[in-house]
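This report refers to the structure that appears directly beneath it.
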Amino acid sequence: MQNKTTRQQRVQQAIEHYDTAKKEHTKVVTEMENIVASITSCREQKQTAEAQSQQDDTGWRELFRKARGVMTGELKQQHIERIANREMITELDSLIQELELGEEKHKIMCSSYGASLRGAHTNALVALADKELSQSLSALDGVVRAVKLKRMALSAEQARATHNGRFSEYEIDIDKSVYAEIRAYLEPRVTKYAFDMASEPELSVIGLSPALSKYMDEALASPAKRHVAFNEIKRKESLLKEKGGL
């Protein structure tokens with residue numbers, strides 16, 4: 001009873017740990033999606049501003065030549081707007097670079113939390129499988145009796161065939177023979193078995209596989225590779241600071 005309780009506690013603890021890992025993973029993925037959306041928005045704004053700047057430059061030059069170099073109030077205002085638009089393009093470009101570094105950081109974080117999520121899922125699945133198998137094996141008294149009987153029968157048959165061991169070439173591995181028969185019965189049924197999640201209160205919570213995001217990068221699954229990637233981001237941040245971007 002104590003062993004059964006301990007196994008159930010392990011399953012519950014593993015599920016709780018997995019649930020925590022899912023929440024942490026979801027949080028960092030949401031942050032990543034917000035960054036990606038911001039980058040897309042900034043790029044669209046920059047593209048629009050660049051097209052407008054090109055159009056404004058062409059129009060301003062035409063008006064400037066028509067005025068023969070006389071800076072009218074309209075020309076001055078348009079010139080101010082042109083400068084402001086160029087500055088906005090520069091600021092957007094700088095912001096995009098900052099956001100792209102943030103995207104790289106969060107890609108590493110998504111991979112880190114993704115690896116933790118996958119580990120927590122595996123632990124929960126193993127704990128549940130261990131409990132389920134233990135419970136099922138404890139209910140196999142009928143099979144234990146049948147196996148015992150089969151071994152005795154094969155032993156008697158072998159004694160007759162070998163004349164009590166005088167003809168060893170006729171000997172067989174009794175245990176191997178018995179368990180091969182069990183395996184032959186189980187394997188096709190295990191292969192064809194489909195879980196009904198509606199009747200699986202614990203397995204339905206764990207799932208057969210973890211829900212990893214598209215931002216999970218297997219190349220960043222190991223701590224060593226993430227460390228190298230973070231150092232590269234720091235180098236890029238330093239370069240961007242030197243340019244006045246951060």
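Bear in mind that the values here come from a model prediction, so they are computed numbers and not experimental data.
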Heavy-atom check, side chain of L208 versus side chain of M197, under 4.5 Å: yes

At their closest point, which heavy atom of L220 faces which heavy atom of A229, and how far apart are they? CD2-CB, 3.8 Å

Side chain to side chain donor-acceptor pair (under 3.5 Å) between Q45 and S41: does it pass, once the steps are laid out? CA-CA 6 Å; Q45 290 181 64; S41 176; 3.3 Å; yes

So that I can tick it off, tell me whether E24 and K27 are bridged by a salt bridge, with the cut-off set at under 4.0 angstrom between side-chain N and carboxylate O. no

Between S53 and R86, what is the shortest heavy-atom contact and its length? OG-CG, 4.1 Å

Working to the nearest 0.5 angstrom, can you tell me the gap between N34 CG and I39 CD1? 11.5 Å

Can you tell me how far apart CZ (R7) and CG (L128) are? Round to the nearest 0.5 Å. 12.0 Å

Under the criterion side-chain contact (heavy atoms from CB on, under 4.5 Å), I'd like the reasoning laid out for Q52 against M88: C-alpha separation, chi angles, the key distance, then a yes or no. CA-CA 12 Å; Q52 185 63 49; M88 185 176 72; over 6 Å; no

Between R145 and D141, does at least one N-O distance fall below 4.0 Å, as a salt bridge requires? no

Between C42 and L95 the two heavy atoms that sit nearest each other are SG-CD2, 3.6 Å

Taking only Lys NZ, Arg NE, NH1 and NH2, and the carboxylate oxygens of Asp or Glu, determine whether E31 and K105 approach each other closer than 4.0 Å. no

Nearest 0.5 Å, please: how far is CD in E104 from CE in M32? 9.0 Å

Between I182 and Y179, does a side-chain contact (heavy atoms from CB on, under 4.5 Å) hold up when you go through it step by step? CA-CA 5 Å; I182 295 172; Y179 294 123; 3.8 Å; yes

